Number of protein chains: 2
Amino acid sequence: MPGRPARRRTSVTDVAAAAGVSLGTVSNVLNRPERVSAATRERVERAMVELGFVRNEGARALRAGQSRTIAYVMLDAGNPFFTDVAQGIEDAAEAADLSLFLCNSDNRPDREAKHLAHLQQQRVQGILVTPVDPGADVLDTIARHGTPLVIVDRIRHDGAFCSVAVDDVLGGRLAVEHLVDRGHRRVAFVGGPLSIGQVRDRYDGALAAWTDAGLPPEDLVVVPTRTLTVAEGRSAGEQLAALPGPRRPTAAFCANDLLALGLLQQSTGSGRRVPGELAIVGYDDIEFAAAAAVPLTSVRQPRQELGAMAADLVLDEATNPAHAHRQVTFTPELVARASTLG
Amino acid sequence: MPGRPARRRTSVTDVAAAAGVSLGTVSNVLNRPERVSAATRERVERAMVELGFVRNEGARALRAGQSRTIAYVMLDAGNPFFTDVAQGIEDAAEAADLSLFLCNSDNRPDREAKHLAHLQQQRVQGILVTPVDPGADVLDTIARHGTPLVIVDRIRHDGAFCSVAVDDVLGGRLAVEHLVDRGHRRVAFVGGPLSIGQVRDRYDGALAAWTDAGLPPEDLVVVPTRTLTVAEGRSAGEQLAALPGPRRPTAAFCANDLLALGLLQQSTGSGRRVPGELAIVGYDDIEFAAAAAVPLTSVRQPRQELGAMAADLVLDEATNPAHAHRQVTFTPELVARASTLG
DNA sequence: TTGTAAGCGTTATCAG
DNA sequence: CTGATAACGCTTACAA
């Protein structure tokens with residue numbers, strides 16, 4: 001078995017030599033084939049195949065001064081919400097003939113910073129990011145250095161970047177209005193930490209709807225969580241179960257679907273009927289929400305549209321000299337299912 | 001509000017001019033700082049900050065002849081199994097001081113091919129891929145052109161690449177042995193198409209265990225699916241429910257967890273008790289498996305280890321002249337939970 | 001210790 | 001329509 005192919009790859013020069021033309025002609029075949037006679041072109045193309053020529057994108061970008069790549073730095077690749085957003089970006093990128101690279105910060109600021117630095121060194125055309133902290137200085141630094149950057153699913157209130165997000169205050173409202181409509185008068189808000197803008201907004205919307213309905217604020221019980229994960233949802237369920245009967249909420253609004261699924265599992269697993277004894281509303285409407293054993297009522301965000309819009313915005317910033325930053329907000333929608341409709 | 005920063009970014013030359021040194025010195029500050037006097041170095045570093053210098057990785061790689069990036073082309077970013085594999089790769093890559101780009105083929109051969117082509121044009125150090133079709137010619141083409149390539153979670157039987165996978169025949173065995181142990185004498189295998197190597201192997205292992213137990217092959221009923229998704233799991237549930245009582249299996253082994261979750265949901269949703277009337281075993285042990293309303297018995301694959309090993313293999317192929325292709329196989333493990341333990 | 005110059009692979013310009 | 005040449009930003013001998 002022979003070793004790997006030699007270290008140096010074949011270049012336009014090699015192709016030119018093999019085809020008996022100058023390298024300018026090879027470049028023309030690549031970039032303006034119409035300027036080359038059919039015969040020559042064919043000879044060059046044959047040489048390319050024979051030599052296994054692969055264009056060096058780095059050199060090309062170096063010369064051109066810009067690349068054909070954008071990137072999305074995800075907050076949590078394990079959360080289906082973000083992979084759906086990524087899907088939307090991918091489709092938009094494909095339509096614009098751009099390639100998309102995905103990176104996962106996994107909620108870690110250090111990893112996020114590393115990815116961002118690497119991407120700007122790669123001179124990608126633009127960066128989409130769902131940041132750990134939308135206020136973080138790294139983001140400004142990237143933008144200041146000239147790489148277009150769009151914030152996805154978060155808002156930066158100073159308008160320093162384009163951003164696309166969903167109206168989470170409204171989403172929180174929808175969830176609680178639904179529960180109030182179904183007759184619940186003691187409801188838990190499960191989620192945290194409130195320092196996350198999303199969580200804060202959903203809570204604010206929830207509280208607004210609650211008081212608008214004339215209900216006492218103390219009957220909207222906050223069950224704080226450390227993260228937005230299934231495991232934390234389970235432990236929230238234990239906390240709820242520990243409350244004395246009269247103080248125990250008859251419904252819970254969870255800040256995302258992972259929490260809701262954890263809560264659902266803990267509840268049914270320990271014998272509480274859902275929605276009979278505890279109604280549950282999630283947030284995001286990920287695929288697993290509908291697929292849960294008790295299909296989950298959830299607030300749906302237009303995930304793919306979110307991604308597609310973000311892609312359009314970076315592209316505009318990268319190519320349109322008259323670009324102005326925009327904050328685009330989408331409207332969420334409540335999807336009622338069995339977990340509240342018993 | 002001023003427009004974006006000027007098109008041209010500051011280069012080593014600019015930094016050199018600003019710091020009053022030659023560009024060679026700037027490069028030394030970047031690459032062999034010990035060769036530069038402290039005073040000069042500091043002057044250069046200050047200039048870098050002031051000018052907002054960002055190293056151009058494309059140019060660097062061009063000159064160096066190699067990049068510090070590897071990539072993983074995922075089969076389905078929406079399947080938590082693959083994001084966990086990616087997590088393992090990311091950790092290994094970080095340890096080796098490499099950056100990882102993720103791409104998602106979304107089960108589409110055309111998208112896979114596009115990503116692979118783009119990556120080899122980017123001259124990444126190596127490519128990890130879970131291919132739509134491990135036998136596809138594109139893979140050979142990549143390798144022939146000199147980019148190290150490792151197949152993840154699939155096997156290429158001709159040994160043309162390194163690969164890491166899990167012993168799926170054994171996994172299938174474990175699942176069915178467990179069910180037989182629990183007394184089941186009529187079992188469904190839910191999964192398909194059998195043209196997918198994984199599915200085929202799991203089925204073969206299941207059948208082997210079944211006949212080894214002295215049970216008649218026709219009592220291991222195949223319920224074919226078109227894809228490995230939650231939706232197909234649900235429709236498999238409907239097919240099972242439609243079978244006349246005596247012909248209806250008392251347990252199902254699903255080719256992955258998404259199918260199992262769909263089946264679980266359809267079953268409990270239509271009033272069948274799990275595991276009382278139908279025991280269910282999944283495959284992959286994704287996080288949602290344990291979090292399902294009836295926690296799912298599943299065959300666990302060492303996902304992170306799979307990813308980490310794959311990263312080690314590409315790295316070896318990229319850097320070790322004596323590299324020889326290896327097929328690494330991991331051993332799966334059955335995790336028994338409520339869905340079979342009633 | 002610092003500076004100079006060549007070259008990585010590509011593309012665009014401009015003269016033939 | 002073709003071919004020589006410069007330039008993109010960086011690294012690395014090698015010279016000063």
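The structure displayed is predicted, hence computed values, not measured ones. First the proteins, then the strands, lettered A, B, ... as listed; each starts at 1.
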Worksheet entry | Under 4.0 Å protein heavy-atom contact, by nucleotide of nucleotides 10-16 of chain D - B base, S sugar-phosphate only | BBB----

Between [X] and [Y], is there a side-chain N and carboxylate O pair less than 4.0 Å apart?
X       : Y       : answer
R108(B) : E94(A)  : yes
E317(B) : R326(B) : no
D91(B)  : R111(A) : yes
E45(A)  : R41(A)  : no

Practice prompt. Decide yes or no for R154(B) and L75(B): does some side-chain heavy atom of the first lie under 4.5 Å from some side-chain heavy atom of the second?
Written response: yes

Discussion item. Tell me every residue that passes side-chain hydrogen bond (donor to acceptor under 3.5 Å, both in side chains) with S163(A), counting only those two or more places apart in sequence or in another chain.
Written reply: Q327(A)

Item to complete: Output all residues satisfying side-chain hydrogen bond (donor to acceptor under 3.5 Å, both in side chains) with S37(A), sequence neighbours left out; order by chain, then residue number.
Response: T40(A)

Practice prompt. Work out how much the helix from dT1(C)-dA16(D) to dG16(C)-dC1(D) bends between its end axes, five pairs an end, to the nearest 10 degrees.
Written response: 40°

Worksheet entry | Contact list for DNA chain D against residues 37-50 of chain A - heavy-atom distance below 4.0 Å | S37(A), T40(A)

Item to complete: To the nearest Å, give me how far apart CG (D14(B)) and P (dG9(D)) are.
Response: 8 Å

Worksheet item: For the atom pair CG (L100(B)) and CG (L102(A)), what is the distance rounded to the nearest 0.5 Å?
Response: 10.0 Å

Worksheet item: Taking the six-membered ring where the residue is Trp, are the ring centres of H118(A) and F101(B) under 6.0 Å apart?
Response: yes

Worksheet, complete the sentence: Residues passing the side chain to side chain contact (heavy atoms under 4.5 Å, CB included) test with D158(B), sequence neighbours excluded, are R156(B), A160(B)

Worksheet entry | N or O in side chain of T25(B) less than 4.0 angstrom from dT2(C) OP1/OP2 | no

